[in-house]
A.B. asks: 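The structure is given below, and queries will be raised subsequently.
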Amino acid sequence: VIAGTFNAGKTAYLLNFIKLNMHNHEIHYFNSELSEQELKKRIERFGDGIDWSFHAHERGNNFDSVIVPHAINIIDYLEPPSGEYFAISDLIGAIHNKLTTGIAFIAIQKKVILN
């Protein structure tokens with residue numbers, strides 16, 4: 001799990017993880033923020049000209065129903081229902097229970113609390 005506020009670099013970190021692992025593992029990237037065009041722009045920012053090879057899916061909830069049990073599953077980002085962060089462990093547990101030999105790398109977007 002990686003967590004941070006809006007614009008903290010979570011997506012950049014996850015895309016770099018994909019870049020470093022995509023030629024050795026099957027990767028499924030589930031994102032709730034980026035359109036296909038926005039994702040392409042983010043990848044172009046890496047500026048390395050390599051062939052990116054992963055499965056990108058637009059998804060905002062019910063991640064446990066689409067987990068690929070044997071693959072690397074990247075969730076960008078997981079948000080609890082109605083902002084109830086105490087319930088996020090149930091969502092993570094449901095994702096974990098779907099895995100066999102694969103892993104789930106989960107980003108959580110934290111709310112900024114101003115005093």
Side-chain angles (χ1 to χ4, degrees):
V1 174
I2 184 172
T5 58
F6 173 77
N7 210 23
K10 297 177 301 298
T11 298
Y13 187 90
L14 295 172
L15 290 176
N16 192 58
F17 180 86
I18 291 171
K19 177 184 171 188
L20 295 173
N21 290 282
M22 65 187 171
H23 295 297
N24 297 316
H25 303 282
E26 179 181 348
I27 298 178
H28 292 266
Y29 175 68
F30 302 97
N31 90 81
S32 58
E33 285 189 307
L34 304 175
S35 68
E36 184 177 338
Q37 290 77 20
E38 290 170 319
L39 179 58
K40 285 180 183 179
K41 285 181 185 178
R42 288 282 191 104
I43 289 171
E44 287 171 2
R45 287 185 192 165
F46 281 85
D48 50 21
I50 64 169
D51 248 350
W52 285 69
S53 176
F54 66 100
H55 306 277
H57 313 275
E58 289 184 43
R59 186 142 194 113
N61 56 24
N62 299 322
F63 294 104
D64 60 312
S65 66
V66 293
I67 289 296
V68 180
H70 63 274
I72 295 175
N73 298 268
I74 298 175
I75 298 169
D76 186 11
Y77 61 90
L78 180 65
E79 188 171 30
S82 304
E84 298 171 340
Y85 282 87
F86 63 87
I88 208 157
S89 64
D90 292 338
L91 299 175
I92 293 171
I95 291 165
H96 178 263
N97 289 336
K98 296 290 181 166
L99 297 169
T100 56
T101 58
I103 66 167
F105 195 168
I106 303 169
I108 298 172
Q109 183 137 321
K110 295 171 52 178
K111 300 241 185 254
V112 176
I113 299 173
L114 302 173
N115 291 331

A.B. asks: Rounded to the nearest 0.5 Å, how far apart are CG of N61 and CG of L78?
C.D. replies: 10.0 Å
A.B. asks: Of all the heavy-atom pairs spanning R42 and L34, show the shortest one and how long it is.
C.D. replies: CG-CD1, 4.2 Å
A.B. asks: Nearest 0.5 Å, please: how far is CG in N73 from CD in E26?
C.D. replies: 8.5 Å
A.B. asks: Starting at OG1 of T5, measure out to CD1 of I108 and round the result to the nearest 0.5 Å.
C.D. replies: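 Those atoms lie 13.5 Å apart.
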A.B. asks: Counting only N and O atoms by type, is there a donor-acceptor contact under 3.5 Å from the side chain of K40 to the main-chain atoms of S35?
C.D. replies: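 No; zero donor-acceptor contacts below 3.5 Å.
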A.B. asks: When rounded to the nearest 0.5 angstrom, what distance separates OG1 in T100 from CG in N97?
C.D. replies: 12.0 Å
A.B. asks: Should we say atom CZ of F46 is surrounded by more than 12 heavy atoms from elsewhere, each under 6.0 Å from it?
C.D. replies: yes
A.B. asks: Hey, what's the ring geometry for H57 with F30, parallel, tilted or perpendicular (30° and 60° as the breaks)?
C.D. replies: parallel
A.B. asks: Pair K19, D48 - check side-chain contact (heavy atoms from CB on, under 4.5 Å), show working.
C.D. replies: CA-CA 10 Å; K19 177 184 171 188; D48 50 21; 2.8 Å; yes
A.B. asks: State whether the side chain of N16 and the backbone N or O of A12 hold a donor-acceptor pair below 3.5 Å, judged by distance alone.
C.D. replies: no
A.B. asks: How are the rings of F105 and F17 set to each other: parallel, tilted or perpendicular (split at 30° and 60°)?
C.D. replies: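 Perpendicular, since the angle between the ring planes exceeds 60°.
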A.B. asks: Does I88 share a hydrophobic cluster with V1, counting links as ILVMFWY side-chain heavy atoms below 4.5 Å and allowing steps through other members?
C.D. replies: yes
A.B. asks: Output the distance between atom CZ (F63) and atom CG (L91), rounded to the nearest 0.5 Å.
C.D. replies: 9.5 Å
A.B. asks: With no hydrogens and no angle check, is any side-chain donor or acceptor of K110 less than 3.5 Å from a backbone partner on A3?
C.D. replies: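 Side chain of K110 to backbone of A3, a donor-acceptor pair under 3.5 Å: no, none is there.
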A.B. asks: CD1 of I72 to CD1 of I103: how many Å apart, nearest 0.5 Å?
C.D. replies: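 It is 4.5 Å, given to the nearest 0.5 Å.
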